[in-house]
There are 2 protein chains.
Amino acid sequence: MKKKVSLKDIAKKVGVSTATVSYVLSKGEESRVSLKVAEKVKKAARELNYRPNQIAKSLKSGKTFTIGLIVADISNPFFAHIARIVEDEAKKLDYTVLFGSCDEKADKSWDLVQFLSNRQVDGFIIAAAEGSEKQIEYLKTNNIPFVLIDRYFPEIESNYVVINNYKAAYKATRRLIQTGNSRIGIIAYASSLHHMRERIRGYKNAMEDGNLEIKEDWVNEIRFSNIKQEVKLAIDNMLLSKNKVDAILFATNTLAVYGLKYIDELNYKIPEDIAIISFDEGEAFDFYYCPLTYVKQPLKGFGENAVKILTDQISDPALKKEQVCLEAELIIRKSCKRG
Amino acid sequence: MKKKVSLKDIAKKVGVSTATVSYVLSKGEESRVSLKVAEKVKKAARELNYRPNQIAKSLKSGKTFTIGLIVADISNPFFAHIARIVEDEAKKLDYTVLFGSCDEKADKSWDLVQFLSNRQVDGFIIAAAEGSEKQIEYLKTNNIPFVLIDRYFPEIESNYVVINNYKAAYKATRRLIQTGNSRIGIIAYASSLHHMRERIRGYKNAMEDGNLEIKEDWVNEIRFSNIKQEVKLAIDNMLLSKNKVDAILFATNTLAVYGLKYIDELNYKIPEDIAIISFDEGEAFDFYYCPLTYVKQPLKGFGENAVKILTDQISDPALKKEQVCLEAELIIRKSCKRG
DNA sequence: TTCTTCATGTTAATCGATTAAAAAAATAAA
DNA sequence: TTTATTTTTTTAATCGATTAACATGAAGAA
């Protein structure tokens, strides 16, 4: 293994101390080094193809210019897109991104927090898993900067970037009502996470405001551990029971994908037999025989704001915590137009 | 900012030297420390919630347990899936993953190699961009371990994990022929990258072996810079000219997505008007009104092999370079069944 | 009693870069 | 020429953990 070139090598070559080399290379113009020596050092650095060892720098400075990104699953397009945006924004500020997928599990998330903390990341961007409150508190008490995205805990004061999930769900449901549906069900996750509760609340309130009754079996909460089966069951309960729905609101991309596949299997037609709206985008939604109306989340806004807030906070931990609530957009297509 | 707990703090608390603490905490059983002291140290470490500073470890050991993953775009599901697999495999071996997207551009890729090298990643997993040969040579001459995935350079001896693209394209084309198509076009990237050349070669040879002529306009090479427009143009040339095709082979997921959208716009029906096969999977392909026949690449195989080979190579740089060529599977559905 | 041997701890160097403080050299002032 | 001042360069400590080499003390052997 060819040893890397260090300050010492340059120093030896030029015949000065490593301190001098360091001053030339890191302090630029306002260095206290004579022009002649400075030139020689720069030349030597070029010739030896010197690359500063970021690890050594980090040890000295206590700063790694590294962000830890914790999401449920990096292969989920929702998070993959956010990751890309975070990457780009971070790069602009000379940060790199370490990522980890926690599969919506608090213990995995905790592992990742530890794992990445040991690697001295300067801060975290986290799409929090259910039950991860203690981790968040841990970060707070240890003064490790972090920004929550997509989900947050109302009872914990922190930086976060989210959307108004209540409003988004409300609008989606109202749209279903306005397009002639009155028997509307929802498929969401069985999660205490605030964003999920808000989506369900938005749906319920929209129904109420439309003077529509919500029958038993219409509010379905699916567990992460068994999505496919439980989605089927939920749809069976909504389509094959006496309380048959005429529209379904899916609370996430993943739920919609499973749901639509099963609805296709059952040979129900959208929007004639059932109207559909889903949260999140997806190539699949464009390609579906009936392009889906969906709630478009501002992924760019998530990523950009999160990186901005986090890096500001890293530079100055005394800054006030920032809360950003963005608006989601309802992209209207054909899946809820009836009659 | 609450200062982190270091060996020194434990040493002070227990009243021993940092060396002793280090021996207890890092050498486990075969430490030369008395049981009594060892217990006290462990207790103190627990009480102070000591977390070793990975950066300091890295500086001393020259090893960061970090892998740099360079792909075209982490938000592309193909790469996002690979990233997830790489993450999981890496984690098992206590490695973390730093990722970067190069957008198929050699200069961006070079930036990333530098950027991540400065951060002392132990090695790279790279889906190489066109024209990145020099970077690969750079890594070789600097003895930085790396594994190429998805694409490789036949003229450069290196580790790689790829599929037999020639065979995959050949089989796909032959399938189109066998299902009654004879006027078959291909949409691929205008790239000198070997995997792309092989896909085109596979197509051509299959046509030849089927005694089928390849007309002008049937081999379309699209530039990354202008995918959408050029795909349209290619399809215009293949569907609206006198040399109308009856089938199209898409060389990647992305090309197929743009292509199918335009084909829908033109109101051509699949498979009645045109038969289709694409490389790569995609939720979209499942949801298309006519589920797509596609070439399924072994993403798991890419990720698992790459991490295995890379980490082996990191542990023992003298190891012989490994080349893995996996088989792709043709998933047969409805998009190429005609008549 | 004296010399080994072994168990247990400590000292100090190291990884590579930074930086305060000291030292040396060059220049200006007296 | 001598002293004061400024410029340039070096020394050495530091970040946190590791580890070779050395030190200490006690038990066992002769």
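Labels below follow one simple rule: chain letters A, B, ... track the order of the sequence lines, proteins then strands, and each chain is numbered from 1.
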Taking atom [atom2] of [N] as reference, at what distance in whole Å does atom [atom1] of [X] sit?
X: A/Gln120; N: D/dG16; atom1: CD; atom2: C1'; answer: 9 Å
X: A/Tyr23; N: D/dT11; atom1: OH; atom2: P; answer: 13 Å
X: B/Lys40; N: C/dG9; atom1: NZ; atom2: C1'; answer: 13 Å
X: B/Ile10; N: C/dT10; atom1: CD1; atom2: P; answer: 14 Å
X: B/Leu7; N: C/dC15; atom1: CG; atom2: P; answer: 19 Å
X: A/Gln54; N: D/dC15; atom1: CD; atom2: C1'; answer: 14 Å
X: B/Lys63; N: D/dT19; atom1: NZ; atom2: P; answer: 13 Å
X: A/Lys57; N: C/dC15; atom1: NZ; atom2: P; answer: 19 Å

Spacing of NZ belonging to B/Lys57 relative to CZ belonging to A/Arg119, to within rounding of 0.5 Å: 9.5 Å
As an exercise, state the distance from CD1 of B/Ile70 to CZ of B/Phe99, rounded to the nearest 0.5 Å. 12.0 Å
Nearest to side-chain heavy atoms of [X], which nucleotide of [options]:
X: A/Ser6; options: D/dG16, C/dG16, C/dT19; answer: C/dG16
X: A/Ser34; options: D/dT9, D/dT10, D/dA17; answer: D/dT9
X: A/Val33; options: D/dA17, D/dT10, D/dT9; answer: D/dT9
X: A/Val16; options: D/dA17, C/dA17, D/dT10; answer: D/dT10
X: B/Leu59; options: C/dA12, C/dC15, D/dA21; answer: C/dC15
X: B/Ser22; options: D/dT18, D/dG16, C/dA22; answer: D/dT18

Assert: residue with more 5' nearest nucleotide on DNA chain C, out of B/Val37 and A/Tyr50, is B/Val37
If you find the nucleotide of DNA chain C closest to B/Ser61 and the one closest to B/Thr20, which residue's nucleotide is nearer the 5' end? B/Thr20
What about the rings of B/Phe146 and B/Phe124, do their centers lie closer together than 6.0 Å? no
Apply salt bridge (charged side-chain N to carboxylate O under 4.0 Å, His left out) to the pair A/Glu39 and A/Lys43, showing each step before the final yes or no. CA-CA 6 Å; A/Glu39 281 312 316; A/Lys43 183 152 161 285; over 6 Å; no
Hey, which of these two, B/Ile55 or A/Thr18, hits DNA chain D nearer its 5' end, going by closest nucleotide? A/Thr18
Is A/Glu47 salt-bridged to A/Lys13, cutoff N-O under 4.0 Å? yes
So what does [X] hit on the nucleic acid, given a heavy-atom distance under 4.0 Å: a base, only sugar-phosphate, or nothing?
X: B/Lys60; value: base
X: A/Val21; value: nothing
X: B/Ser17; value: base

